[in-house]
Trainee: 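The structure that follows is given in the form of structure tokens.
To find a chain, count down the sequence lines: A is the first, B the second, and so on, and within it residues start at 1.
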Number of protein chains: 2
Amino acid sequence: MEYNTGLPIYLQVIHELKKRMVKGELRPGEKMPSSRDLAVEFKVNQNTAARIYREMEQAGYCYTRRGIGTFVSEEENMFEELKQEMAGELLTNFMHEMRDLGFKKEDIITRITVYKEDEEHDAGV
Amino acid sequence: MEYNTGLPIYLQVIHELKKRMVKGELRPGEKMPSSRDLAVEFKVNQNTAARIYREMEQAGYCYTRRGIGTFVSEEENMFEELKQEMAGELLTNFMHEMRDLGFKKEDIITRITVYKEDEEHDAGV
DNA sequence: ATCAGTGATATAGTTAGATAGTACACTAGT
DNA sequence: ACTAGTGTACTATCTAACTATATCACTGAT
């Protein structure tokens with residue numbers, strides 16, 4: 001995983017883990033990597049890994065059992081809701097930014113229609 | 001202007017100023033606010049304001065004349081290019097994130113088609 | 001009882017971002 | 001010459017994020 005400049009790493013990892021849940025790569029009730037393994041996988045300190053699970057547990061996405069591990073929440077419905085929520089956030093942010101740049105809805109739809117997979121752009125300052 | 005948690009303030013201000021250039025609110029050659037005024041307007045320290053102009057100048061979006069002020073670049077073409085570049089970044093990021101969540105192009109177009117102005121969503125962890 | 005794997009906690013140190021305050025140097029207008 | 005407005009520079013301080021390292025406590029299996 002490559003990290004964005006600016007946004008704190010632990011937030012980026014949380015986002016990545018939430019995506020895995022939404023995509024079903026982490027199933028409800030399934031055991032998540034130990035904090036030590038998470039630290040290795042994401043090349044992060046154990047304290048940071050612990051923070052990631054602490055914050056995710058507080059948000060309800062997982063629960064921990066001391067001495068056993070951290071597990072994906074068993075609230076089956078949560079993840080479909082989360083998927084819609086994340087999509088909604090992406091959409092509104094995207095639309096606001098595009099409108100702010102002066103694009104209209106039709107412009108945006110046109111751009112997406114002609115959008116090709118391999119388009120890449122620089123990330124200038 | 002309200003600031004995002006996470007992303008450094010100076011990057012958010014730079015983004016805002018770039019948008020103003022793209023939208024024509026800051027015209028080529030026009031004098032930009034003094035670093036002191038910028039600090040006041042964005043409720044930011046003078047050092048941060050100075051950094052904002054320093055980085056923007058390095059990126060070519062403006063130039064400074066000591067004792068006079070900071071001015072929007074006179075490269076007329078730059079800003080239409082910048083507009084396209086920023087739109088391209090927004091689009092690819094958006095598409096990648098949506099695909100990553102499991103949405104297909106048709107799903108995305110449908111969502112945008114039914115998108116209403118006033119949609120709002122929480123910014124959960 | 002022991003042990004490996006786990007989460008939880010603690011201390012210390014580094015770095016980047018941001019602030020506060022001050023001072024210096026240049027430019028234009030008077 | 002003087003002054004106001006400007007960019008530039010410096011020191012000091014603060015906080016959040018992150019790392020390094022180590023220790024403790026709990027759980028399950030042997």
Side-chain angles (χ1 to χ4, degrees), chain A residues 1-18 20-21 26-27 29-74 123-125, chain B residues 1-18 21 26-27 29-74 123 125:
Chain A
M1 181 177 181
E2 56 191 17
Y3 296 112
N4 223 329
T5 52
L7 202 62
I9 292 180
Y10 79 97
L11 290 178
Q12 296 182 51
V13 175
I14 288 176
H15 190 250
E16 172 63 25
L17 291 177
K18 282 167 68 177
R20 290 187 187 176
M21 291 172 175
L26 289 173
R27 302 290 308 158
E30 179 181 344
K31 184 178 183 308
M32 298 174 72
S34 77
S35 57
R36 284 173 179 79
D37 286 351
L38 191 75
V40 171
E41 178 183 356
F42 287 97
K43 296 195 182 77
V44 149
N45 188 268
Q46 285 189 22
N47 289 327
T48 305
R51 175 180 190 174
I52 289 165
Y53 280 159
R54 200 187 326 133
E55 303 228 1
M56 288 189 74
E57 180 174 23
Q58 192 185 6
Y61 299 121
C62 56
Y63 61 94
T64 62
R65 296 246 205 91
R66 189 186 184 108
I68 306 183
T70 302
F71 302 83
V72 180
S73 167
E74 291 166 357
V125 173
Chain B
M1 182 177 181
E2 55 191 19
Y3 296 113
N4 223 328
T5 52
L7 202 62
I9 291 179
Y10 79 97
L11 290 178
Q12 297 183 49
V13 174
I14 287 176
H15 189 249
E16 172 64 25
L17 291 177
K18 282 167 69 176
M21 291 174 174
L26 289 173
R27 302 290 310 159
E30 178 181 343
K31 184 176 183 308
M32 298 174 71
S34 77
S35 55
R36 286 172 180 77
D37 286 350
L38 191 74
V40 171
E41 176 182 359
F42 287 96
K43 297 194 180 76
V44 148
N45 188 269
Q46 285 189 23
N47 290 325
T48 304
R51 176 180 189 175
I52 288 166
Y53 280 158
R54 199 186 326 130
E55 303 228 0
M56 289 189 73
E57 180 173 23
Q58 192 185 7
Y61 300 120
C62 56
Y63 61 93
T64 62
R65 296 247 204 90
R66 189 188 183 101
I68 307 182
T70 301
F71 301 84
V72 181
S73 168
E74 291 165 358
V125 173

Trainee: Using atom names, set out every protein N or O paired with an N or O of nucleotides 1-6 of chain C below 3.5 Å, distance rounded to 0.1 Å.
Mentor:
| from | atom 1 | to | atom 2 | distance (Å) |
| --- | --- | --- | --- | --- |
| C:dG5 | N2 | A:G67 | O | 3.1 |

Trainee: What pairs with A:L17 under side-chain contact (heavy atoms from CB on, under 4.5 Å), at least two apart in sequence or on another chain?
Mentor: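 A:L17: side-chain contact (heavy atoms from CB on, under 4.5 Å) contacts with A:V13, A:R20, A:L26, A:M32, A:L38, A:F42, A:I52, A:Y53, A:M56.
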Trainee: Which residues pass the side-chain hydrogen bond (donor to acceptor under 3.5 Å, both in side chains) test with A:E57, sequence neighbours left out?
Mentor: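 Partners of A:E57 by the side-chain hydrogen bond (donor to acceptor under 3.5 Å, both in side chains) criterion, ordered by chain and then number, come out as A:T64.
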Trainee: Whole angstroms only, please: what is the CE-C1' distance between A:M56 and C:dG7?
Mentor: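 A:M56 atom CE is separated from C:dG7 atom C1' by 16 Å.
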Trainee: Does A:Y63 have any ring-ring contact (aromatic ring centres under 6.0 Å, His included) partners at least two apart in sequence or in another chain, and if so, which?
Mentor: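 Per chain and number, A:Y63 pairs via ring-ring contact (aromatic ring centres under 6.0 Å, His included) with A:F71.
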Trainee: Rounded to the nearest 0.5 Å, how far does CG of B:N4 lie from CG of B:L11?
Mentor: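 Rounded to the nearest 0.5 Å, the CG-CG separation comes out at 11.0 Å.
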Trainee: From CD1 of B:I14 over to C1' of C:dA18, roughly how many Å is that when rounded to an integer?
Mentor: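 One finds 14 Å between C1' of C:dA18 and CD1 of B:I14, rounded.
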Trainee: Can you sort out the partners of A:E74 under salt bridge (Lys or Arg N to Asp or Glu O under 4.0 Å), two or more places apart, ordered by chain and number?
Mentor: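 Expected list: none.
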Trainee: Can you sort out the partners of A:D37 under side-chain contact (heavy atoms from CB on, under 4.5 Å), two or more places apart, ordered by chain and number?
Mentor: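 With neighbours one apart ignored, the set is A:P33, A:S34.
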Trainee: With a strict under 4.0 Å distance from non-hydrogen atoms of chain B, what nucleotide opens and what nucleotide closes the contacted stretch of DNA chain D, reading 5' to 3'?
Mentor: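 Extent of the interface on DNA chain D: D:dG5 to D:dC10.
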Trainee: Distance from A:R65 atom CZ to A:K31 atom NZ, nearest 0.5 Å?
Mentor: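 Answer rounded to 0.5 Å: 12.0 Å.
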Trainee: Got a second to check how far B:E30's CD is from B:C62's SG, nearest 0.5 Å?
Mentor: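 It is 12.0 Å, given to the nearest 0.5 Å.
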Trainee: What are the two closest heavy atoms between A:L7 and A:Q12, and how far apart are they?
Mentor: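 Closest pair (atom of A:L7, atom of A:Q12, distance): O-NE2, 2.5 Å.
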Trainee: Between atom CD1 in B:I52 and atom C1' in C:dT19, what is the gap in whole Å?
Mentor: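 To the nearest whole Å, that distance equals 13 Å.
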Trainee: Listed by chain and number, what are the side-chain contact (heavy atoms from CB on, under 4.5 Å) partners of B:N45, not counting sequence neighbours?
Mentor: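 Per chain and number, B:N45 pairs via side-chain contact (heavy atoms from CB on, under 4.5 Å) with B:N47, B:T48.
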Trainee: Kindly write out the residues that satisfy side-chain hydrogen bond (donor to acceptor under 3.5 Å, both in side chains) with B:S73, not counting sequence neighbours, or none if the list is empty.
Mentor: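 side-chain hydrogen bond (donor to acceptor under 3.5 Å, both in side chains) check on B:S73 returns nothing, list empty.
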Trainee: Quick one: on DNA chain C, does A:E57 or B:I9 contact a more 5' nucleotide (nearest heavy atom)?
Mentor: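 Its nearest nucleotide being more 5', the pick is A:E57.
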Trainee: Between C1' on C:dA8 and CZ on A:R54, what's the gap in Å once rounded to a whole number?
Mentor: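 Checked: the CZ to C1' distance equals 9 Å.
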Trainee: Among residues 42-49 of chain B, which ones have heavy-atom contacts with DNA chain C below 4.0 Å?
Mentor: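 Going residue by residue through residues 42-49 of chain B, the ones with a heavy atom under 4.0 Å of DNA chain C turn out to be B:K43, B:V44, B:N45, B:N47, B:T48.
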